[in-house]
Amino acid sequence: MRYISTRGTAPALSFEEAMLTGLARDGGLYVPETIPTLTHQEIAALAGKSYEEVAFAVMRPFIGDTFTDEVFRALIDEAYAVIGHTARAPMVQLAPNHFLLELFHGPTLAFKDFAMQLIGQMFQTALGRKGSRVTIVGATSGDTGSAAIEAFKGLDNVDVFILFPHGRVSEVQRRQMTTPVESNVHALALEGDFDDCQARLKDMFNDFEFRDGVKLAGVNSINWGRVLAQVVYYFTSAVSLGAPDRKVSFTVPTGNFGDIFAGYVAKRMGLPIDRLIVATNQNDILDRCLKGQGYHKGPTHPSISPSMDIQVSSNFERALFDAYDRDALAVVQQMAELAEGGFDVSQGAMESLREHYDSGRATEEETMQTITHMLEATGELLCPHSAVGVKVAEEMRDAAVPMITLATAHPAKFPDAVEKATGIRPDLPPRMRDLFDRDERVTRLPNDLEALKAHIKGNLSA
Ligand SMILES: Cc1ncc(COP(=O)(O)O)c(C=O)c1O
Ligand SMILES: N[C@@H](CCOP(=O)(O)O)C(=O)O
């Protein structure tokens with residue numbers, strides 16, 4: 001299995017190389033040269049299997065000879081042992097034929113743990129046998145950062161620097177990043193929004209002297225390994241509702257397009273997915289684009305679902321690459337236009353995108369109303385991101401096809417919005433109850449590449 005760049009000129013890499021490399025050297029994102037498929041029979045055989053067994057069956061075809069089967073199984077077992085629910089990704093029913101896939105039972109209470117815990121295991125093993133070290137720099141709107149810090153803290157061959165937008169993450173999210181005491185992890189509060197954080201991260205990857213000097217690696221969904229691990233729960237949930245003999249649909253609260261793209265990969269692998277619905281908050285650039293209005297950046301409006309306050313949705317590049325029949329030049333052209341403000345999608349590419357993705361949006365008020373209503377109707381307390389998904393799913397679902405909405409974070413990560421909507425202030429799990437008593441360690445930095453690089457170089461542990 002080889003991985004190629006969406007921009008066409010970086011070298012093709014193995015799974016291990018693509019995982020440790022992060023952004024391709026031509027600025028693109030790595031994708032598998034071909035997407036492996038599972039037969040109807042192979043998908044049917046996943047019924048009744050544990051999350052770990054399904055994870056092995058789904059991901060094995062993508063990893064080539066990076067790990068032996070025995071090692072890969074052990075890494076999967078180790079990664080998911082920390083998810084605090086025996087089903088790992090349980091489902092609850094919200095309404096007839098509408099199900100909520102709870103992805104927030106991991107150590108940092110968001111879906112990011114599913115991929116990050118496995119990436120942590122895979123990095124450790126791959127780096128350990130090479131005897132090398134890396135500097136991970138991540139950009140976060142709140143959840144990727146805490147999941148990365150949790151997965152990599154205390155490791156002696158990895159330094160981790162997480163850029164988050166100052167004042168634009170919830171207090172729980174911030175404290176999850178700023179309170180770990182391990183000296184190899186660093187929380188950096190950037191003067192800017194998430195798009196600034198992600199842009200500076202990509203600038204660092206595109207600065208080869210810096211990149212090679214610090215051995216830069218990335219664990220955002222830039223990294224194919226992140227997307228891959230997120231494919232698994234599409235299979236576990238769909239199969240538990242009768243796939244492959246029955247079609248299912250998914251609604252996915254979306255920002256950086258990694259999670260919904262994982263659903264698309266599951267579909268391409270043979271999972272019978274009827275509709276994949278992108279659900280955005282008031283920062284609805286993806287919804288507008290998928291409705292044919294082009295991809296044109298505007299200001300980011302802070303919302304009660306801050307993890308989705310994104311204008312430049314990194315993985316949309318992977319979707320465009322396929323929509324343009326893998327024409328890397330078309331992607332290069334669109335990304336150049338995006339740097340100037342935006343682009344229009346050709347009619348053919350638009351038809352291809354619409355074949356796979358639907359979309360909807362939720363206003364702030366609709367999100368709040370959904371949290372209130374769902375508690376009354378079902379007893380389920382939703383985080384604002386999950387509520388965006390549930391609102392869009394309720395509006396758009398077809399009653400005859402089971403709809404699975406992804407619940408991407410625990411309500412206790414966003415207690416202010418949840419309390420305002422329901423009068424209930426959700427509790428953090430007992431292991432995190434002292435989060436607000438712990439000391440914070442954070443460095444505030446300007447939105448300036450040179451300042452960031454200097455800070456990182458000056459704080460490496462080796
Ligand atoms: C809680 C939550 N929901 C939804 C999303 C959107 O996911 P994606 O960026 O993969 O589209 C994020 C951020 O990634 C998130 O943290
Ligand atoms: N919402 C994310 C943004 C980064 O997404 P990623 O999937 O590319 O890591 C976050 O919580 O940080």
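Quantities reported herein were computed from a predicted structural model and do not represent experimental measurements. Atoms within each ligand, like the ligands themselves, are counted from 1 in listed order.
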Practice task
Return the residue, atom name and 0.1 Å-rounded distance of the protein heavy atom closest to atom 12 (C) of ligand 1.
Solution key: F111 CE2, 3.6 Å
Exercise for the section: Just need the protein heavy atom nearest to atom 9 (O) of ligand 1, so name the residue and atom and give the distance. Expected result: N256 N, 2.7 Å
Handout entry: Close-contact set for ligand 2 against D143 heavy atoms, below 4.0 Å
Key = 10 (C), 11 (O), 12 (O)
Problem - Nearest option to atom 9 (O) of ligand 2, as decided by whichever heavy atom of V227, N315, T144 sits closest - result: T144
Practice task
Mind running side chain to side chain contact (heavy atoms under 4.5 Å, CB included) on L320 and Y295 for me, showing each step along the way?
Solution key: CA-CA 11 Å; L320 286 171; Y295 196 101; over 6 Å; no
Listing, residues 297-305 side-chain donor-acceptor contacts under 3.5 Å, not counting sequence neighbours, or none:
from, atom 1, to, atom 2, distance (Å)
K297, NZ, L338, O, 3.2
S303, OG, N281, ND2, 3.0
S303, OG, S305, N, 3.0
S303, OG, S305, O, 3.2
S303, OG, S305, OG, 3.3
S303, OG, D309, OD1, 2.7
S303, OG, D309, OD2, 3.4
S305, OG, N281, ND2, 2.9

Exercise for the section: Check whether any side-chain N or O of T135 sits under 3.5 Å from a backbone N or O of V214 as a donor-acceptor pair, and report yes or no. Expected result: yes
Handout entry: Donor-acceptor pair, side chain of D207 and main chain of D203, under 3.5 angstrom
Key = no
Problem - Location of contacts on K413 toward ligand 1, heavy atoms closer than 4.0 Å - result: neither
Problem - For ligand 1, the portion of D143 having any non-hydrogen atom under 4.0 Å away - result: side chain
Handout entry: N or O contact, Q198 vs ligand 2, cut-off under 3.5 Å
Key = no
Problem - R226, portion touching ligand 2 at heavy-atom distance under 4.0 Å - result: side chain
